[in-house]
Amino acid sequence: MERFLPLARSLARRYSGGSEPLEDLEQVAYLALVRAVDGFDPARGTAFTSYAVPSIAGAIKRHFRDNGWSVRVPRDLQELALRVERISDELQAETGHAPTAAGIANRAGGGLGVEDVLEAREAFRALHSDSLDRPRGARDDDDDAASLLDTLGDADLEIGRAHDRAALGAVLDTLDERDRTIIHLYYQEELTQAEIGRRLGYSQMHVSRLLRQAVERLRLSAWEQEEKVLELMAADAA
């Protein structure tokens with residue numbers, strides 16, 4: 001235990017910098033080291049580090065997966081998000097600049113696509129969240145600084161929702177039946193992506209991609225319609 005405690009600390013620091021305190025990660029690593037010592041069989045002829053490193057790293061990842069996420073994310077997507085973040089850090093250290101999604105996908109291999117990388121990056125944002133009571137000033141200990149909650153007004157949200165529904169109805173016909181159904185189930189019936197997947201026979205990840213693509217097509221369609229309106233207004237003014 002004394003010999004390999006520095007190894008456990010090193011693995012804990014590798015995953016630090018997020019919402020989980022380093023001390024908590026070190027405790028997880030130490031307990032995993034104890035279990036690795038108990039479970040290691042010297043008779044197999046392998047080095048202890050070959051057994052201990054994946055055991056400790058796996059325990060830290062499970063800790064993040066089960067305790068560190070601010071928003072509930074499917075377990076396979078959590079693991080992919082952590083993997084993509086690790087590869088991104090490796091590439092940035094090698095090249096000196098932020099890697100592209102294509103670069104991460106190429107490094108990862110195994111059939112991982114650009115869309116998968118983008119979805120994993122979005123999921124990784126769920127690992128961190130700020131409290132509404134946190135001061136918005138430069139210093140967190142500034143008691144006089146206004147919090148995010150203080151900046152929220154009492155505007156009638158239904159006005160914006162009514163505008164969104166009207167705008168959505170104007171461009172929804174530009175989508176095919178499948179995409180219209182997904183948009184309807186997600187935004188109007190308020191089903192989760194997993195519930196939509198079970199209803200339509202798709203995986204949650206596939207529904208997420210289809211939903212993102214449909215929203216992007218709606219955005220482009222709305223932009224094109226707005227451009228046409230502006231052209232007509234310009235023509236009338238002339």
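- Here E216 does not pair with R212 in a salt bridge; the nearest charged N to carboxylate O distance is not below 4.0 Å.
- To the nearest 0.5 angstrom, E119 atom CD is 8.0 Å from L80 atom CG.
- Here L210 contributes atom CG and Q193 contributes atom CD; the two are 10.0 Å apart, rounded to the nearest 0.5 Å.
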(message) For Y30 and I56: C-alpha separation, side-chain torsions, deciding distance, then whether side-chain contact (heavy atoms from CB on, under 4.5 Å) applies.
(response) CA-CA 8 Å; Y30 296 157; I56 297 171; over 6 Å; no
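- At a threshold of 4.5 Å between non-hydrogen side-chain atoms, the residues E23 and Q27 do not count as touching.
- More than 12 heavy atoms of other residues, nucleotides or ligands sit less than 6.0 Å from atom CZ of R180.
- Within the 4.5 Å cutoff, no side-chain heavy atoms of R13 are placed close to those of L25.
- I60 places a side-chain heavy atom less than 4.5 Å from the side chain of L11.
- Panel note: side chain E195, backbone T192; a donor-acceptor pair is recorded below 3.5 Å.
- In this structure, the separation between OG on S208 and OH on Y186 is 8.0 Å, given to the nearest 0.5 Å.
- The residues R121 and E85 are annotated as not salt-bridged, no charged nitrogen and carboxylate oxygen being separated by less than 4.0 angstrom.
- Transitive grouping of hydrophobic side chains (ILVMFWY, heavy atoms separated by less than 4.5 Å) keeps L31 and F4 in distinct clusters.
- A donor-acceptor contact shorter than 3.5 Å is absent between the side chain of D179 and the backbone of L175.
- Rounding to the nearest 0.5 Å gives a distance of 9.0 Å between CZ of R217 and CD1 of I183.
- A heavy-atom distance below 4.5 Å is found between the side chains of Q92 and P99.
- A 4.5 Å side-chain heavy-atom check between T46 and F40 finds at least one atom pair inside the cut-off.
- Using a 4.5 Å heavy-atom threshold, the side chains of E90 and R86 count as touching.
- Here the side chain of S55 pairs a donor or acceptor atom with the backbone of Y51 at under 3.5 angstrom.
- Checked options D116, L118, V114, L91; the residue passing with I104 is L91 (criterion: side chain to side chain contact (heavy atoms under 4.5 Å, CB included)).
- Rounding to the nearest 0.5 angstrom, the gap separating the CZ atom in R198 from the CG atom in L191 is 9.5 Å.
- The shortest distance between side-chain heavy atoms of Y202 and I196 does not fall below 4.5 Å.
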(message) If you apply the rule side-chain contact (heavy atoms from CB on, under 4.5 Å), what do you find for L5 with L33, and how did you get there?
(response) CA-CA 8 Å; L5 276 177; L33 177 59; 4.0 Å; yes
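- V34 and V28 fall within a single hydrophobic cluster, where Ile, Leu, Val, Met, Phe, Trp and Tyr side chains are chained together by heavy-atom contacts under 4.5 Å.
- With contacts defined as side-chain heavy-atom distances shorter than 4.5 Å, the pair F48/S50 does not qualify.
- The distance from atom CD of E115 to atom CZ of R209, rounded to the nearest 0.5 Å, is 7.0 Å.
- Of all non-hydrogen atoms in A12 and A29, the two that sit nearest each other are CB-CB, 4.3 Å.
- Of all the heavy atoms in G109 and R83, the pair that sits closest is O-NH2, 4.2 Å.
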